[in-house]
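Here is the structure we will look at.
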There are 2 protein chains.
Amino acid sequence: MTTRPARAETPLASLATVARAAGVSVATVSRIVNGKRGRASAETVARVEQAVARLGYRPNPVGRALKQRASRVVALLAPNLDNPAMAAIAVSTEAALRDAGYVTILCDTHDRAELQDEYLAAMRSQFVAGYVMVSAVASRGLEATLRRGDPMVFVARRSPLGGGAFVGIDDRAAGAEAADHLLDRGVARPAVLMAAQNASSTGERAAGFIARLEQRGLAPQEIRRASAQGLNHIEIGYAAARALVAEGGWPQGLFCVSDLIAYGAYRLAREAGVAVPGDCRMVGVDGNAINAWLAPWLTSIRIPYEAFGGHIVAQLGQLWGGGTGSHVHVRHGRIGDEPPAA
Amino acid sequence: MTTRPARAETPLASLATVARAAGVSVATVSRIVNGKRGRASAETVARVEQAVARLGYRPNPVGRALKQRASRVVALLAPNLDNPAMAAIAVSTEAALRDAGYVTILCDTHDRAELQDEYLAAMRSQFVAGYVMVSAVASRGLEATLRRGDPMVFVARRSPLGGGAFVGIDDRAAGAEAADHLLDRGVARPAVLMAAQNASSTGERAAGFIARLEQRGLAPQEIRRASAQGLNHIEIGYAAARALVAEGGWPQGLFCVSDLIAYGAYRLAREAGVAVPGDCRMVGVDGNAINAWLAPWLTSIRIPYEAFGGHIVAQLGQLWGGGTGSHVHVRHGRIGDEPPAA
DNA sequence: CTGAAAGCGCTTACAG
DNA sequence: CTGAAAGCGCTTACAG
């Protein structure tokens, strides 16, 4: 029977504990723990490291944050995490931040300006190292944070106030590819479904789609489009499809600016007995992992959300280094690409 | 043209700033800000409150945490947030904690003991107020945290080490209801699909299902069951269904211990040309919002994840109050219930 | 009713 | 190479 090492693990060891145990000052322990090299004799370093190991010491981030007025915490603000795309962004961001030694505070803004401001203020007093704004909405607090120059990267939706680092795909190009895809398959008059108040991302997808259609010879008034109010893209898809169909029947091809919108449109098609893709081809954007299992009828432009985290952290790194950050276009998948195996 | 109020919003105001502005001591400001009633004259209170408003002061949680060795931060540890059920739990927990004045730190453990321990240790040194463990895994750090008596509530999966507050549904009852449902619809020999290493939740669902089948007259060896290795329930569902079918063909009715497993099984059915529910009825558990749109063929037992947050916070409240916490069974929906409108 | 002081855990000039 | 001291923002006995 092995005896468990009698480690005093209950009390949280502090610098002072370690200093006492090693017979040195807290300043010395602090320097060694923080790897300030060449500032202590090898013998001292060894004694301190032993004490650290024996006591299971870990630097207290709260004490450090208070002193430095800066923490290793990053705030992730997002509207509704129940959207699979948001969840995927949150997952990859959390993992990338963790690898970089940061911890993620999760703030669900429900797309509301006051809640976003409330969180922004609360996070600021936590001395967070930066802000990751997924689909941010315009607000006074956002403006103040930006003006202050605090590290902030926008994801998916560009800064509603201009400026700021950005990570997302080239949405206009994605829209154009959807247009090409449908046109190339003989759909003479593809239609587009979008939200009434489009985020920059979905708005640009629709714009890119329409622009390409015009380039390839359709007159603006020939391009059918419909939208619906709301926050939930599935319901928007259903309602927008109904509006579209009411006006001119089912199109042969339909570009949905998000996969969720396509799911909503699909329900209407099912109810109407319209075969997808037989009677109506559908192209979405996101490439949700679930598609292969539940929506084999959907062709989607895959957004590699699993790669966003790395780019987001790289942008934060630039900002922390005093740089200005930039707009990163992550390369989206080719139409119909499936996600990599888990 | 309205002039913006000249509020010095850039520097973060501290107690000292406010004290100076109001001409009182920091102790007095602290008491007033913290609502310690009857400890200051009405006149002083008014002066301080004015200064607070004018300077836009908010108490700094870092200073407070350091002093009190306790913060208003709660750690939420979960394996993979890309599971819609996990995301739903995270959303409702974050909202309920926010309403209670807490902030949520998100930790994705990937179901790995070392990562869970790493986070547990990191969160402890953040002086978190408590831990919400969604589907926790056994680990040394978990044991230490539990032994220390730190506030911890387990969600969905019971504590792998026993003890602890718990929030989840009555999984055995859910399994039994699935058995009744299939039997009552004339399925003579319903089968069950599960994961190879079952969490307490899914394990109990399967056990409840099997027990009810036996109660209603099936011999143990008549009850078909299959499982598969892995973490991803969709893939488990696909593989387990294949194993089941290889052994004895398609059953007329199939209980899948989670909706995701049902999605996986459905893909195999689709590939095999088996109609669902025509040839094979499927019953899942979770009631994912997406089902109504993408999986109308699935009958599911809905888990009201949106209500979990409130119960979790209530449990934490009990623990904070010195209570012991309890096992809360949230009432699950009746088979086939749809989620409430958003 | 109010304030001075100590101390939570840390870092960092400064002095030696 | 090392330590004493100040200070980040806060709370809380203690004294008056």
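All chains are named by letter (A, B, ...) in the order of the sequence lines, taking the proteins before the strands, and each is independently numbered beginning at 1.
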Counting C-beta onward and ignoring hydrogens, is there a side-chain heavy-atom pair between A/Y102 and A/L316 closer than 4.5 Å?
no
Going by distance alone, is a donor N or O of one side chain under 3.5 Å from an acceptor N or O of the other, for A/D117 and A/S139?
yes
Most 5' of A/V62 and B/A40 on DNA chain C, judged by nearest nucleotide:
B/A40
Indicate yes or no: at least one non-hydrogen side-chain atom of B/M152 is less than 4.5 angstrom from one of B/T145.
yes
Requiring both pairing distances under 3.5 angstrom, list the stems that contain DNA chain D and are made of three or more consecutive Watson-Crick or G-U pairs.
C:1-3 with D:14-16, C:5-12 with D:5-12, C:14-16 with D:1-3
How far apart are the C-alpha atoms of B/E306 and B/S92, what are their side-chain angles, what is the distance that settles it, and do they pass the side-chain hydrogen bond (donor to acceptor under 3.5 Å, both in side chains) test?
CA-CA 5 Å; B/E306 71 283 358; B/S92 92; over 6 Å; no
Where protein sits on nucleotides 10-16 of chain D, one letter per nucleotide: B base, S sugar-phosphate only, - none, heavy atoms under 4.0 Å
BBBB---
Rounding to an integer number of Å, can you tell me how far B/E43 CD sits from C/dC1 C1'?
12 Å
Parallel, tilted or perpendicular: rings of A/F166 and A/H329 (30°, 60°)
perpendicular
In terms of side-chain geometry, is the basic nitrogen of A/R147 or A/E143 positioned less than 4.0 Å from the acidic oxygen of its partner?
yes
Give a yes/no answer on whether the side chain of B/T44 brings an N or O atom under 4.0 Å of OP1 or OP2 in C/dC1.
no
Of residues 17-24 of chain B, the positions that come close to DNA chain C - non-hydrogen atoms, cut-off under 4.0 Å
B/V24
Pairing of B/R58 and A/E118 as salt bridge, 4.0 angstrom limit:
yes
Tell me, do B/P79 and B/M86 make a side-chain contact under 4.5 Å, heavy atoms counted?
yes
Salt-bridge present (B/E43, B/R47; N to O < 4.0 Å)
yes
Which residue, A/V29, A/V26, A/V24, A/V33, forms the side chain to side chain contact (heavy atoms under 4.5 Å, CB included) with A/V18?
A/V29
